[in-house]
Number of protein chains: 2
Amino acid sequence: MQPKEILKEHVSKTITLTDEQFDYFFSHFTYKTFKKGQTMIGEGDKVDCEYFVLSGYLKSFFINDDMKMFILQFAMPTWWASDYNALYSGERATVNVDCITDAEVLCLTSKDREKLCREIHEGEHFFRWRTNKGYVATQKRLLSFMNNDAKHRYEELLAQYPTLYNIVPKQLIASYLGVSRETLSRLYHS
Amino acid sequence: MQPKEILKEHVSKTITLTDEQFDYFFSHFTYKTFKKGQTMIGEGDKVDCEYFVLSGYLKSFFINDDMKMFILQFAMPTWWASDYNALYSGERATVNVDCITDAEVLCLTSKDREKLCREIHEGEHFFRWRTNKGYVATQKRLLSFMNNDAKHRYEELLAQYPTLYNIVPKQLIASYLGVSRETLSRLYHS
DNA sequence: GAAACTGTGTGACCTACATCACAATTGAAA
DNA sequence: TTTCAATTGTGATGTAGGTCACACAGTTTC
């Protein structure tokens, strides 16, 4: 499937655009490819775009003072990724985004997103609902963090994203769950 | 200050509306008052509105199977509160909202919010940015949960909302931080 | 004023998970 | 095929924070 079709199908789940409107919408995106391991957003960078994943897997993560990694999100096809704090506020990146596998993405700059939102009312509606869903999902994850132990969270993750298990190294799964890789190893060997 | 002025000042931080537009916008809100301890949204309820706080303090929280409480958010004047998962999805409430102190609020139904978003482009813009900010804030809190210990999170909370300390019982602060009240007590007596 | 309730402090003990150390396995590169 | 690095498993030990128990405020109710 073509990038354009993938995006169209994704957007159509929330809003309805005429073909001309969608052509215009799509014209603001730039196609790019990245290699496994490549950094798309690094700490300290000026962040001016967000990525819509066409193929492959990304991760967005934070590195603390002890060089320990915490994964905020895995991004798979039709998901969006960026350092949204930086993107929305104009500050420098504190969150990194890189490729777990080779990946194809569509880039949308912040300027263009705001332009589209201004020019196409439905476009603003789309982005509002995208954030609404992200907000609720993040809140659920926060609750799970407070409420459940690591084993529970691990099972939750696998139930939700079974594909991750085979594609993503266990270390990264551990970083997402907020436990050490040793603890994760013990969890599923019992 | 009048409810209308409070909302206007709040909305004006993100968007610009003409007086007629704002009058229309405001006409969709309903003024209500609640007493300390009163429940605004209870588990299992059908959720059809969200609350804009004019005065007083609310909390939104989740109760798990062991009857343990986890606070998702405190809401203070000019903040919004609801069970957004339920509100956006149409499902029954899993999150409760109640009053920590007597409170005055403006209610906006989901139907009216969507109506306003359809009819006033700037309105949709406002609600998009409100959620954008909520999303980033929740993500930061999630990161803090993964990264920092309870003491650090406690100091973070006090630095951000110094007023909470005097108004909100320590038990609730503990529920927000995700620690037992005993642990919290030990934290700040050392 | 006694009684009853809600909020808080503090000790003793327990548990989930971290950390460190090193072994075993896999997989890419040469 | 050998080599080297990255990834994973596993034991021993440490610790933050949980749980239970009870004491001691303030505050509301009769």
Side-chain angles (χ1 to χ4, degrees), chain A residues 35-39 57 59 61-71 74 98-102 141-158 163-190, chain B residues 35-39 57 59 61-71 74 98-102 141-158 163-190:
Chain A
K35 290 272 161 219
K36 176 177 174 174
Q38 223 180 320
T39 297
Y57 286 74
K59 64 175 189 285
F61 60 100
F62 173 79
I63 305 281
N64 77 0
D65 299 339
D66 305 330
M67 298 300 284
K68 211 169 133 179
M69 176 195 294
F70 300 93
I71 294 196
F74 294 113
D98 72 16
C99 294
I100 298 176
T101 64
D102 289 357
R141 188 158 164 228
L142 180 65
L143 251 185
S144 183
F145 243 90
M146 298 201 278
N147 192 10
N148 305 132
D149 63 10
K151 179 152 206 170
H152 196 114
R153 282 187 334 262
Y154 169 68
E155 279 154 8
E156 219 167 48
L157 179 67
L158 285 198
T163 55
L164 278 183
Y165 186 83
N166 302 310
I167 290 162
V168 175
K170 310 274 171 291
Q171 300 202 45
L172 296 185
I173 306 260
S175 300
Y176 180 91
L177 295 174
V179 295
S180 67
R181 52 165 207 84
E182 293 95 328
T183 296
L184 178 62
S185 168
R186 282 168 185 123
L187 280 182
Y188 60 77
H189 285 274
S190 66
Chain B
K35 288 274 162 218
K36 176 176 175 173
Q38 223 180 322
T39 297
Y57 286 74
K59 65 176 189 283
F61 59 101
F62 173 79
I63 305 281
N64 77 0
D65 300 339
D66 305 330
M67 298 299 285
K68 211 169 133 178
M69 174 195 296
F70 299 92
I71 294 196
F74 295 114
D98 72 16
C99 294
I100 298 175
T101 64
D102 290 357
R141 187 158 164 227
L142 180 65
L143 252 186
S144 184
F145 243 96
M146 299 201 274
N147 192 8
N148 304 131
D149 62 11
K151 179 152 203 171
H152 195 114
R153 287 195 319 269
Y154 169 68
E155 280 155 6
E156 220 167 48
L157 179 67
L158 285 199
T163 56
L164 278 182
Y165 186 83
N166 301 310
I167 291 162
V168 175
K170 310 274 172 289
Q171 302 201 44
L172 297 186
I173 306 260
S175 300
Y176 180 91
L177 295 175
V179 296
S180 66
R181 53 164 209 85
E182 293 95 329
T183 296
L184 179 62
S185 170
R186 282 170 185 123
L187 280 182
Y188 60 77
H189 283 276
S190 65

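As a basis for the values below, the full set of heavy atoms in this structure was taken, side chains included, without hydrogen atoms, waters or symmetry mates. Numbers restart at 1 for each chain; the letters A, B, ... are given by sequence-line order, proteins then strands.
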(message) Could you check whether B:K170 makes a cation-pi contact with B:Y165, meaning its NZ or CZ is under 6.0 Å from the centre of the six-membered ring and within 45° of the ring axis?
(response) yes
(message) I want to verify a distance call: between D:dT10, C:dC17, D:dT7, whose nearest atom is closest to the A:P169 side chain?
(response) D:dT7
(request) Return the value, rounded to whole Å, for the distance between atom CG of B:L172 and atom P of C:dT6. (result) 14 Å
(request) With heavy atoms under 4.0 Å as the rule, sort A:G37 into base, sugar-phosphate or nothing. (result) nothing
(message) I need the CG-P distance between A:L184 and D:dT7, as an integer number of Å.
(response) 15 Å
(request) Could you tell me the separation between the CZ atom of B:R153 and the P atom of D:dA16, rounded to a whole number of Å? (result) 14 Å
(message) According to side-chain contact (heavy atoms from CB on, under 4.5 Å), who are the partners of B:I167, at least two apart in sequence or on a separate chain?
(response) B:Y57, B:T101, B:T163
(message) Please report the distance, rounded to the nearest Å, between OH in B:Y165 and P in C:dT8.
(response) 9 Å
(message) With a 4.0 Å cutoff (strictly under), does any side-chain N or O of A:T183 reach OP1 or OP2 of C:dA18?
(response) yes
(request) Could you grab the distance from atom CZ of B:R141 to atom CE of B:M146, nearest 0.5 Å is fine? (result) 13.0 Å
(request) Report yes if a side-chain nitrogen or oxygen of A:S180 is closer than 4.0 Å to either non-bridging phosphate oxygen (OP1 or OP2) of C:dT19; otherwise report no. (result) no
(request) Report yes if a side-chain nitrogen or oxygen of B:Y188 is closer than 4.0 Å to either non-bridging phosphate oxygen (OP1 or OP2) of C:dT8; otherwise report no. (result) no
(message) Tell me the interatomic distance from B:K170, atom NZ, to C:dT6, atom P, rounded to whole angstroms.
(response) 18 Å
(message) What is the distance, to the nearest angstrom, from the NE2 atom on A:H189 to the C1' atom on C:dC17?
(response) 17 Å
(request) Measure from NZ on A:K36 to C1' on C:dG27 and round the result to the nearest Å. (result) 10 Å
(message) Could you check whether atom CG of B:D65 has more than 12 heavy atoms from other residues, nucleotides or ligands sitting under 6.0 Å from it?
(response) no
(message) With a 3.5 Å cut-off and heavy atoms only, can you find an N or O donor on one side and an acceptor on the other between the side chain of A:E182 and the base of C:dC17?
(response) no
(message) Measuring from the side chain of A:S185 (C-beta onward, heavy atoms only), which nucleotide among C:dG7, D:dG18, D:dT10 has the closest atom?
(response) D:dT10
(request) Check whether the side chain of B:R186 and the base of C:dG11 form a donor-acceptor pair under 3.5 Å. (result) yes
(request) Rounded to the nearest 0.5 Å, what's the gap from CG on A:L184 to CD on A:Q171? Could you check? (result) 10.0 Å
(message) For the backbone of B:K35 and the side chain of B:D102, can you confirm whether one donor and one acceptor N or O come within less than 3.5 Å of each other?
(response) no
(request) Give, for atom CG of B:D149 and atom CG of B:L187, the distance between the pair rounded to the nearest 0.5 Å. (result) 8.0 Å
(message) Please report the end-to-end axis angle for the helix from C:dG1-D:dC30 to C:dA30-D:dT1, five pairs per end, rounded to 10 degrees.
(response) 40°
(request) Starting from P on D:dG18, measure out to NZ on B:K151 and report it in whole angstrom. (result) 15 Å
(message) Can you tell me whether the side chain of B:R181 and the base of D:dG18 have a donor-acceptor pair closer than 3.5 Å?
(response) no
